[in-house]
Amino acid sequence: MNKRLVPIVVATTNAGKAREIAAALRGLPVRVLSLSDLGISAEYPETGKTFALNARGKAAFYSGLSGNWTLAEDSGLAVDALSGAPGVYSARFSGPRATDDRNNRKLLRHMRGFPPAKRGACFVCCMVLARNGRVIKQVTGRVRGRLLDAGRGAMGFGYDPLFYYRRLGRTFGELLPPVKNAISHRGRALTKMSRFLPTILEK
Ligand code: IMP
């Protein structure tokens with residue numbers, strides 16, 4: 001007999017993130033829906049000063065609109081030498097016409113002259129599950145690495161080519177998706193969330 005699949009909305013318009021989240025939820029009895037599957041085009045203004053505020057706001061907002069369990073996250077890169085920047089501004093680091101390439105070039109300019117020991121950085125992902133406008137669960141995943149002075153690898157998205165992960169001797173841009181997902185900030189947040197999800201799916 002087919003198990004009942006519980007619909008879960010993944011509230012992101014970032015294709016890279018949507019792919020990673022859908023892959024991580026594959027083993028669970030859920031049916032992953034996107035905002036566009038539901039015809040939701042309203043945009044949540046991400047004006048929070050922390051990843052948690054943005055993720056909570058987004059999850060509550062879209063769960064109210066969708067009427068389904070809704071998963072939202074906010075993530076970004078916090079660079080030690082830049083006092084945590086670009087942080088919540090990671091997507092728009094290079095301005096309103098930001099692209100991954102422009103963001104990476106701006107980051108490289110800011111990091112010019114810093115020796116390897118001062119190039120530490122952390123990817124952070126705050127992930128929130130909400131229903132009917134109410135936050136039910138919040139988890140955070142982090143991974144530390146070092147910024148190179150030139151990009152390597154064409155996989156992933158965002159700052160992946162600059163983010164060197166010492167234990168594997170590769171940048172995130174050089175990792176196959178399942179390898180990145182097993183160690184990344186989003187993967188770690190998803191592992192925590194996936195442990196919690198069965199408790200709601202059984203209800
Ligand atoms: P958000 O859509 O406002 O959460 O923006 C997150 C931004 O942080 C992305 O656009 C990327 O620039 C960066 N980012 C978050 N997660 C990753 C990742 O896994 N790899 C590379 N960059 C990431």
Specify the closest pair of heavy atoms between [X] and [Y], including all atoms of both residues, with the distance to one decimal.
X      : Y      : result
Thr140 : Ala189 : C-CB, 4.3 Å
Ser90  : Asn103 : O-ND2, 3.4 Å
Ala72  : Ala55  : CB-O, 4.0 Å
Ala11  : Thr70  : CB-CG2, 3.9 Å

Greater than 12 external heavy atoms within 6.0 Å of Arg92's CZ: yes
Any non-hydrogen side-chain atom of [X] less than 4.5 Å from a side-chain atom of [Y]?
X      : Y      : value
Val88  : Leu53  : no
Met127 : Leu190 : yes
Leu82  : Met111 : yes
Ile8   : Leu197 : yes
Pro161 : Arg152 : no
Arg142 : Arg188 : no
Ile183 : Leu168 : yes
Cys126 : Gln138 : yes

Expected output: side-chain [X] to main-chain [Y] donor-acceptor under 3.5 Å:
X      : Y      : result
Asn104 : Asp100 : yes
Asp74  : Asn54  : no
Arg119 : Phe114 : yes
Ser34  : Asp37  : yes

Could you give me the CA-CA distance, side-chain angles and deciding distance for Tyr165 and Thr171, then say whether side chain to side chain contact (heavy atoms under 4.5 Å, CB included) is met? CA-CA 6 Å; Tyr165 186 67; Thr171 69; over 6 Å; no
What about [X] and [Y], same hydrophobic cluster or not, with Ile/Leu/Val/Met/Phe/Trp/Tyr joined at side-chain heavy-atom distances under 4.5 Å?
X      : Y      : result
Leu162 : Val143 : yes
Phe61  : Trp69  : no
Phe51  : Tyr89  : yes
Phe123 : Leu147 : yes

If only side-chain N and O atoms count, and only distance matters, is there a donor-acceptor pair under 3.5 Å linking Arg134 with Ser63? no
Lys58 NZ/CZ over Tyr44 ring centroid, <6.0 Å and within 45° of normal: no
How about Phe93 and His110: are their ring centres within less than 6.0 Å of each other? yes
Measure the spacing between [atom1] of [X] and [atom2] of [Y] and express it to the nearest 0.5 Å.
X      : Y      : atom1 : atom2 : answer
Met193 : Leu28  : CE    : CG    : 11.5 Å
Asp101 : Arg105 : CG    : CZ    : 4.5 Å
Asn181 : Leu176 : CG    : CG    : 10.5 Å
Asn68  : Arg31  : CG    : CZ    : 8.0 Å
Arg19  : Thr12  : CZ    : OG1   : 11.0 Å
Cys125 : Ile21  : SG    : CD1   : 7.0 Å

Under-4.0 Å salt bridge between Asp160 and Lys180: yes
Does Asp80 pair with Arg146 as a salt bridge, N-O distance under 4.0 Å? no
Criterion ring pair (Phe, Tyr, Trp, His ring centres under 6.0 Å) against Phe172, the qualifying member of Phe163, Tyr159, Phe157, Tyr164: Phe163
By the definition side chain to side chain contact (heavy atoms under 4.5 Å, CB included), identify the one residue from Leu25, Val30, Val32, Val9 that meets it with Leu71. Leu25
Chi angles and distances behind the side chain to side chain contact (heavy atoms under 4.5 Å, CB included) call for Ile40, Ser66: CA-CA 8 Å; Ile40 296 175; Ser66 75; 3.9 Å; yes
Begin with the C-alpha distance, continue with both residues' side-chain angles, and end with the deciding distance and a verdict on side chain to side chain contact (heavy atoms under 4.5 Å, CB included) for Leu38 and Leu65. CA-CA 10 Å; Leu38 298 172; Leu65 288 180; over 6 Å; no
